[in-house]
Amino acid sequence: MSALRAVLDRLNDIEATISRIEGNSSAENAFAYRLTLQSLENRREGLREELAEVTRREFIEVCDYRIIPENSISYALNAVTGALHDFQDLVTLLFDADPAKPKQRGRVDATAVERTRFNFGFSYAGSLGVVLTIPNERLIAVDSDLDAAVRAAFELMSAKTTEDIKNAAARFGTPAVRKLYSWSKTQRDYGLSAEIKWIREREVRFGAFVQARESTEVCRLIENRSDTTVERLSVVATLVKWDLPRRKFTLEMPEDVLISGNFSKELDASVPRIVASRYKAQLVKETVTHYAADKEEVSWSLAALDNLK
């Protein structure tokens, strides 16, 4: 067993014992209760010092994640596992982001997955606290890539404007925004707040305290946000349908892909076209990307349909 795991296991045992004793206290045994609790707290403090030393020596960071229900004393399993899972995925997506080419799909490099994988340390009472550990580089005066990803996650969790969401999509890609939405939706739907601290040795380097109402606002911002991109394409395709009265068309693109759409105002529809013939088509593709859902709406318009020369 590693030194880190040994300390974490002892801390887990101490936290469980403290929680059990606090739950069984009574007026009759108040004095003994205080003595026992003081002894356990002293022991816990000593173990935390050991943990700080081990993490310093082994270049380990601690992430202290506390879940706070606002209107209940219980925790839905889906809420706890969903929030932690989305937090993990959000950090990984931010770590793997390339500002020069923001992701449009959620596929992540295997190395990024490995370098951002949190390990369970122990849990503790006082709402529901989970301590996670992860190896991290030690750089002087600058954040490591992992530090930067976690810091960005904390900032996004408290986004205030649609511009914040737009900038996040431009910098990190739409999958990161969708994952932020999933995390915030869990907070909103289950009435949870989250206090998350990024700790080196015993110093809190940075953190976030996000209440359910703030997550509700982040959800609203993302739900109201979409981006539209327009592309002009020139292709050789087969005309499958030509509906002049309704100004609609269907083309068979390369690789047997069918697309349908409307005539654009640019199209000269007075020239006869022959179904099943091949033409050079000038198309306009409009794509609407919805941040809150993993979907895109694509529409096509036909600007020109010319005979092949």
Side-chain angles (χ1 to χ4, degrees), residues 61-97 106 108 116-134 146-169 171-199 204-226 290-295:
E61 232 72 287
V62 169
C63 182
D64 188 315
Y65 192 122
R66 189 161 67 99
I67 300 171
I68 309 163
E70 298 196 338
N71 300 306
S72 173
I73 59 173
S74 62
Y75 302 85
L77 181 61
N78 286 347
V80 175
T81 58
L84 290 171
H85 185 275
D86 286 341
F87 174 70
Q88 169 70 87
D89 285 353
L90 178 59
V91 171
T92 300
L93 283 164
L94 295 173
F95 180 91
D96 197 45
V108 180
T116 57
R117 181 180 293 129
F118 289 102
N119 299 302
F120 176 78
F122 63 91
S123 61
Y124 61 89
S127 301
L128 173 62
V130 178
V131 170
L132 309 170
T133 63
I134 187 170
L146 179 60
D147 293 329
V150 173
R151 189 189 293 274
F154 291 167
E155 292 172 355
L156 292 179
M157 288 172 179
S158 300
K160 297 293 190 297
T161 67
T162 55
E163 195 67 20
D164 292 337
I165 302 302
K166 179 181 178 181
N167 291 339
R171 181 179 176 189
F172 303 113
T174 53
V177 175
R178 291 189 183 119
K179 188 58 63 175
L180 171 66
Y181 178 75
S182 179
W183 183 87
S184 301
K185 187 174 183 295
T186 296
Q187 301 288 107
R188 179 196 69 186
D189 291 353
Y190 289 94
L192 300 177
S193 295
E195 182 179 27
I196 314 173
K197 300 175 183 176
W198 190 243
I199 302 170
V204 178
R205 302 187 65 208
F206 42 89
F209 179 67
V210 185
Q211 296 178 290
R213 59 181 174 80
E214 294 174 295
S215 294
T216 299
E217 178 62 11
V218 171
C219 286
R220 187 190 68 80
L221 293 174
I222 296 175
E223 288 166 351
N224 291 339
R225 181 75 205 183
S226 63
H290 296 275
Y291 288 175
D294 189 7
K295 69 174 184 177

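In this chain, residues are counted from 1 in sequence order. The model shown is predicted, which means the values in this text are computed figures rather than measured ones.
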Quick one: does [X]'s side chain get under 4.5 Å of [Y]'s, heavy atoms only?
X: S215; Y: V210; result: yes
X: F209; Y: I68; result: yes
X: N78; Y: Y190; result: yes
X: F120; Y: V130; result: yes
X: L146; Y: W198; result: yes

Between R220 and E223, is there a salt bridge with N-O shorter than 4.0 Å?
-> no

Looking at the rings of Y65 and F118, which for Trp means the six-membered one, are their centres under 6.0 Å apart?
-> no

Looking at [X] and [Y], what are the two nearest heavy atoms and their distance?
X: L221; Y: T161; value: CD1-N, 3.6 Å
X: I67; Y: S127; value: O-CB, 3.1 Å
X: Y75; Y: L128; value: OH-N, 3.2 Å
X: Q187; Y: S193; value: NE2-C, 3.6 Å
X: L94; Y: A176; value: CD2-CB, 4.1 Å
X: L93; Y: P175; value: CD1-O, 3.7 Å

Distance in Å, [X] [atom1] paired with [Y] [atom2], rounded so as to fall on 0.5 Å steps:
X: L132; Y: S123; atom1: CG; atom2: OG; answer: 10.5 Å
X: F206; Y: I199; atom1: CZ; atom2: CD1; answer: 11.0 Å
X: E217; Y: I222; atom1: CD; atom2: CD1; answer: 10.5 Å
X: D96; Y: F172; atom1: CG; atom2: CZ; answer: 12.0 Å
X: Q88; Y: R117; atom1: CD; atom2: CZ; answer: 8.0 Å
X: C219; Y: D189; atom1: SG; atom2: CG; answer: 7.0 Å

Output every pair passing salt bridge (charged side-chain N to carboxylate O under 4.0 Å, His left out) with a member in residues 146-165, not counting sequence neighbours, ordered by first then second residue.
-> D143-R151, D147-R200, D147-R205

Residues 64-88 vs salt bridge (charged side-chain N to carboxylate O under 4.0 Å, His left out), sequence neighbours excluded, gives R66-E195, D86-K179

So which of V91, I196, T116 actually passes side chain to side chain contact (heavy atoms under 4.5 Å, CB included) with V150?
-> V91

Salt bridge (charged side-chain N to carboxylate O under 4.0 Å, His left out) partners of R171, counting only residues at least two apart = none

Donor-acceptor under 3.5 Å (T186 side chain, S182 main chain) = yes

